[in-house]
Amino acid sequence: MGRIAVLDENMINMIAAGEVIERPASVVKELLENSIDAGAQKIIVRVEDGGRKLMSVVDDGVGMDADDLAAAFEPHATSKIKTSDDLLKISTMGFRGEALASIAAVSRVSVVSRIAGAIEANRVEIDCGDKQLVKPCSGDYGTTIEVRNLFYKLPARRKFLRTANTEMTHIIEHFTRIALGNCGLDMTLMHNERLLHRLLGGQSLRERIEQLFSKTVVEDLIETSGSEKGIRIFALLGHPAQARANSKFLYVFLNGRFIRDKFISHAIKEAYRGLIEPNKYPVVFLFLEVGGDAYDVNVHPTKIEVRFENANLIHSQVLAVLRNKLLSTNLDVSGRLPVPAVNLSGAAAPGAAERNKRDRIAAAMADFFKQNKPVGSSQQHFGFSGSRTSPGLGQGKTAAPFETAVAVGQPLQTDTAAKKLLQLHNSYIVAQTDEGFIIIDQHALHERIVYERLCRKVGAGNLESQRLLIPETFELTDTEADAIKANAELIEKLGIELEPFGPKTMAIQSFPVMIGKVNPTDFVRDLIDMFSEKSGALDPERLLHEALDMAACKAAIKAGQPLSEVEIIQLLEDKETVERASRCPHGRPTTIKFTLDELEKQFKRT
Ligand code: ADP
Ligand code: MG
């Protein structure tokens, strides 16, 4: 007797269910998608015990008649596609005809549905694939699906369900994705009779984000859009300061469908390169619209992945639109003043190091304001905006937007009081702005400035170099000599000229002018170390930028270095001329801004 037998239909469905229905959240996702495809305007989701006990979805969509109800739970039963051509232009969320059959194979399902114009509704019940006859019943227009006891006949699967809280987190995540992709829908989510989300129909995307996440997430979002080569892009971009430790906050939607795509994720990360630390991810809500024939969603059972016909084009368009916006936006970090202890309830307490730093900044600020005691009310002192000239910058030149000089005819007493600039601990610069003041990390900012200049120069050709009066020599190993040979082109680009100088010795003949103050031997040695460490791992472009970054770091003003007023003014002026000035090349902030509003709140003036 043969050992091979064709599985019965129910077994086939149970196995298929393993692909589509991973956990309760997958059920909620599939049911929500069906309601959307049915044209629902209003959807209510009720969950009990993290989905283990019950998941029910009520919609006001087109509904199903008795025949459709009987058919809907058959495997591969769908109203959404008919021919293979339809597969190429899918505009609905579902099309595989698998979800209901899969869900009904592994749980107890009851459906009540009524179509427009029908005098009554119909009901059908299925218990792990065992379907009862369709019977008329009373019910509203639309469809109500109740799914109970998920995996109850599959103890192995049920065992893998996590706590109600964990399963609920997954359900909320799927609910969130669908809610973001369909702002027009009125959507409600309840768990154990507790209301988790009540989203009104017709909300704006920002309103929805605020309700689903928080006000802080929405406040800093930067909006951008673009439309080229058949790809429409709309995005709300999180401020780099909001970067997260994982990619959970990359919300990408393709024609309204939430997707995960490695090309798009890469483009987003690339757009933020140098603005956030390399191991972090930005908060991004990205909406793409492309023709249905430009991609294939039929590549993954849960439809979360798609295959683009031209992934490179999508990548380059997303990168261009996002990067342009980020580069042209002032991304200074907003400072949060220390929160009074009484208000800390619930909020995570900052770590000791963080607290320490905050305290030092707060103390330094207190000193600053003590030294600069205004005459009359501080409102007056902060509020003025007279014309002022900048010493050291030439006649009549205004150092806007920084008030960096002696104010003319202002009610100030002493010279110190007139200055609106201060260097603290030889490391930080405090400067008054129209809205309040900023604190600058002098090294981080200068590093960015030098880096951007180096990049610009290198973009136009090799860095300009200068012959050393006395060549500097250093010893090196054979491996190091090999590293130099392997990267000869890059070394030349940097404007460094090296020549063998006896056995195991090399001489530096020329060195780039722009980083002339850096010790040539130190720099070249570090460069060789960097080559040995990274040249295999990085492409030439990245390696060049690592080298420029190293040069910028070494050439930049150091923390702890006292600066003259003229130097400070120069630094602030340069800040205005470079791109990405709010972040150092490693993605750390260079500038933190504080607003008057916030100060006034802290000093209880409001
Ligand atoms: P698919 O969505 O891929 O077509 P499903 O198994 O999810 O497959 O659903 C099967 C069919 O049942 C759908 O094509 C649709 O015609 C019908 N259906 C499912 N849910 C609903 C609903 N909430 N309202 C109206 N019709 C529905
Ligand atoms: Mg479906």
Establish, from distance only, whether the side-chain atoms of Tyr281 and Arg244 form a donor-acceptor pair under 3.5 Å. no
Stepwise side chain to side chain donor-acceptor pair (under 3.5 Å) check, Lys80 with Asn34: CA-CA 10 Å; Lys80 299 167 195 174; Asn34 280 346; 3.2 Å; yes
Examine distances only and state if a side-chain atom of Lys280 and a backbone atom of Gly587 form a donor-acceptor pair shorter than 3.5 Å. no
Checking Val57 against Ser35 for the side chain to side chain contact (heavy atoms under 4.5 Å, CB included) test, could you report, in this order, the C-alpha distance in whole Å, the side-chain angles of both residues, the deciding distance, and whether it holds? CA-CA 8 Å; Val57 173; Ser35 297; 3.6 Å; yes
Using only atom types and a distance under 3.5 Å, with no angle test, would you say the side chain of Glu600 pairs donor to acceptor with the backbone of Asp597? no
Evaluate the side chain to side chain donor-acceptor pair (under 3.5 Å) criterion for residues Thr188 and Arg198: first the C-alpha distance (whole Å), next the side-chain angles of each, then the deciding distance (0.1 Å), finally the verdict. CA-CA 5 Å; Thr188 304; Arg198 175 78 194 89; 3.2 Å; yes
May I ask you to decide if Ala104's main-chain N or O and Ser107's side chain share a donor-acceptor pair within less than 3.5 Å? no
Side chains of Thr166 and Thr163: is there a donor and an acceptor less than 3.5 Å apart? yes
Take Glu210 and Arg208 through the test salt bridge (Lys or Arg N to Asp or Glu O under 4.0 Å) and record every step on the way to the result. CA-CA 5 Å; Glu210 180 174 337; Arg208 215 150 248 210; over 6 Å; no
Pair listing, salt bridge (charged side-chain N to carboxylate O under 4.0 Å, His left out) test, anchored in residues 247-261, at least two apart: Glu173-Lys248
Does any N or O in the side chain of Ser113 come within less than 3.5 Å of the main-chain N or O of Met64, such that one atom is a donor and the other an acceptor? yes
Measure up the Phe253 and Phe258 rings against each other and bin them: parallel (under 30°), tilted (30 to 60°), perpendicular (over 60°). perpendicular
For Asp127, the salt bridge (Lys or Arg N to Asp or Glu O under 4.0 Å) test, sequence neighbours excluded, returns Arg108
How about Phe249 and Phe213: are their ring centroids closer than 6.0 Å? yes
So, Glu33 and Lys303, do they make that salt bridge, N to O below 4.0 Å? yes
